[in-house]
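Side chains included, hydrogens not; waters and symmetry mates left out as well; all remaining heavy atoms used.
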Amino acid sequence: MSQLFLSVVTDLSDWPMSRRAETVLVADMLGEGWSGVVSLPPPSPFRKRHGIGCSCCSRDGLSMILAQIFQEHVTGTRPAIRGVVVLVSTQERQDVLQMLEQDVLVRARYRLQD
């Protein structure tokens with residue numbers, strides 16, 4: 001199975017309708033023309049409080065959403081897609097990118113794009 005693309009953006013104006021039909025949007029808003037829209041989970045109040053290896057601190061909610069989207073893609077329970085776009089605020093973008101780049105399963109399943 002080939003990797004899906006993954007883009008972390010702060011603005012959706014550059015995403016044409018023709019590409020949205022084959023892309024899932026992960027955001028706290030409704031989007032028009034996307035293959036699917038998944039809400040971002042709220043940050044865990046326990047994130048990075050317990051220590052390395054703790055199951056509630058070691059996986060971010062976004063990683064879990066991406067795992068679910070990929071599983072649905074592979075099993076065919078979601079319409080065929082080519083990738084995922086994650087909409088975040090400008091101040092969150094760098095932290096989100098860093099977290100995704102450090103997640104081994106995300107890197108195995110997704111190809112990060114600018």
Side-chain angles (χ1 to χ4, degrees):
M1 176 60 54
S2 63
Q3 290 179 311
L4 297 173
F5 76 81
L6 175 62
S7 293
V8 178
V9 301
T10 58
D11 181 14
L12 295 176
S13 62
D14 292 339
W15 282 89
M17 286 292 186
S18 60
R19 288 193 67 196
R20 292 180 185 198
E22 57 192 17
T23 306
V24 172
L25 173 64
V26 178
D28 288 329
M29 59 177 273
L30 292 176
E32 193 174 317
W34 300 93
S35 174
V37 179
V38 179
S39 294
L40 280 167
S44 168
F46 304 109
R47 184 91 174 119
K48 300 185 187 211
R49 286 192 186 169
H50 296 141
I52 296 173
C54 170
S55 62
C56 65
C57 295
S58 61
R59 292 296 304 252
D60 186 78
L62 178 56
S63 295
M64 300 305 287
I65 286 174
L66 292 172
Q68 182 67 34
I69 292 170
F70 190 83
Q71 181 179 7
E72 291 170 356
H73 167 71
V74 170
T75 60
T77 56
R78 169 178 292 285
I81 59 170
R82 293 188 55 225
V84 176
V85 172
V86 179
L87 179 66
V88 296
S89 68
T90 304
Q91 58 269 30
E92 293 173 315
R93 187 172 189 272
Q94 198 56 41
D95 288 340
V96 169
L97 280 171
Q98 184 177 17
M99 182 275 303
L100 294 173
E101 288 169 352
Q102 292 175 0
D103 189 304
V104 175
L105 289 177
V106 169
R107 284 196 337 257
R109 296 170 175 159
Y110 293 91
R111 194 175 57 256
L112 279 167
Q113 296 182 339
D114 278 335

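- Of all the heavy atoms in V24 and R78, the pair that sits closest is CG2-NH1, 3.6 Å.
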| message | If you apply the rule side chain to side chain contact (heavy atoms under 4.5 Å, CB included), what do you find for E32 with M17, and how did you get there? | response | CA-CA 8 Å; E32 193 174 317; M17 286 292 186; 4.1 Å; yes
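- Side-chain contact check for L105 versus L66: every heavy-atom pair is 4.5 Å or farther apart.
- The main-chain N or O of S89 is found under 3.5 Å from a side-chain atom of E92 such that the two form a donor-acceptor pair.
- Residue pairs meeting the salt bridge (Lys or Arg N to Asp or Glu O under 4.0 Å) criterion with at least one member in residues 8-21, sequence neighbours excluded, do not occur.
- A single hydrophobic cluster is not seen to contain both V88 and V85; linkage of ILVMFWY side chains at heavy-atom distances under 4.5 Å, directly or through other members, places them apart.
- Nearest approach of T23 to W34, heavy atoms of both residues: O-CE3, 3.6 Å.
- For T90, the side chain to side chain donor-acceptor pair (under 3.5 Å) test picks out no residue, with sequence neighbours left out.
- Every residue two or more places apart in sequence or in another chain that forms a side chain to side chain donor-acceptor pair (under 3.5 Å) with E22 is listed here: R82.
- Between atom CG of residue L97 and atom CD of residue Q102 there is a gap of 11.0 Å, rounded to the nearest 0.5 Å.
- Both V74 and V26 belong to a single network of hydrophobic side chains, linked directly or stepwise wherever heavy atoms of I, L, V, M, F, W or Y lie under 4.5 Å apart.
- Annotation for L87 and T10: closest pair CD1-C, 3.6 Å, computed over non-hydrogen atoms.
- Taking hydrophobic clusters as Ile, Leu, Val, Met, Phe, Trp and Tyr residues chained together by side-chain heavy-atom distances below 4.5 Å, V38 shares a cluster with V84.
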| said: Could you walk me through whether I69 and I81 satisfy the side chain to side chain contact (heavy atoms under 4.5 Å, CB included) test, starting with their C-alpha distance in whole Å, then the side-chain angles of each, then the deciding distance to 0.1 Å, before giving a yes or no? | reply: CA-CA 10 Å; I69 292 170; I81 59 170; 3.8 Å; yes
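- With values rounded to the nearest 0.5 angstrom, Y110 atom OH is found 10.0 Å from S63 atom OG.
- Between F5 and W15, the two ring planes are parallel [angle under 30°; tilted spans 30° to 60°].
- The heavy-atom pair separating A21 from S35 by the smallest distance is O-CB, 3.3 Å.
- Side-chain contact between M29 and L12: present, with at least one pair of heavy atoms (C-beta onward) separated by less than 4.5 Å.
- Pairing each heavy atom of V8 with each of R93, the nearest pair is O-NE, 2.8 Å.
- In the hydrophobic clustering of this structure, F70 groups with L62; members are Ile, Leu, Val, Met, Phe, Trp, Tyr whose side-chain heavy atoms approach within less than 4.5 Å, directly or through other members.
- Rounding to the nearest 0.5 Å places CZ of R109 at 8.5 Å from CG of D103.
- In terms of hydrophobic clustering, with Ile, Leu, Val, Met, Phe, Trp and Tyr side chains grouped at heavy-atom distances under 4.5 Å, I65 and M99 are assigned to a common cluster.
- Closest non-hydrogen pair, D28 versus S39, comes out as OD1-C, 4.4 Å.
- Within the 4.5 Å cutoff, no side-chain heavy atoms of Q3 are placed close to those of R107.
- Within the 4.5 Å cutoff, side-chain heavy atoms of L6 are placed close to those of V86.
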| said: Please evaluate residues E72 and Q68 with respect to the criterion side chain to side chain donor-acceptor pair (under 3.5 Å), reporting the C-alpha separation (whole Å), side-chain torsions for both, the decisive distance (0.1 Å), and the verdict. | reply: CA-CA 6 Å; E72 291 170 356; Q68 182 67 34; 2.9 Å; yes
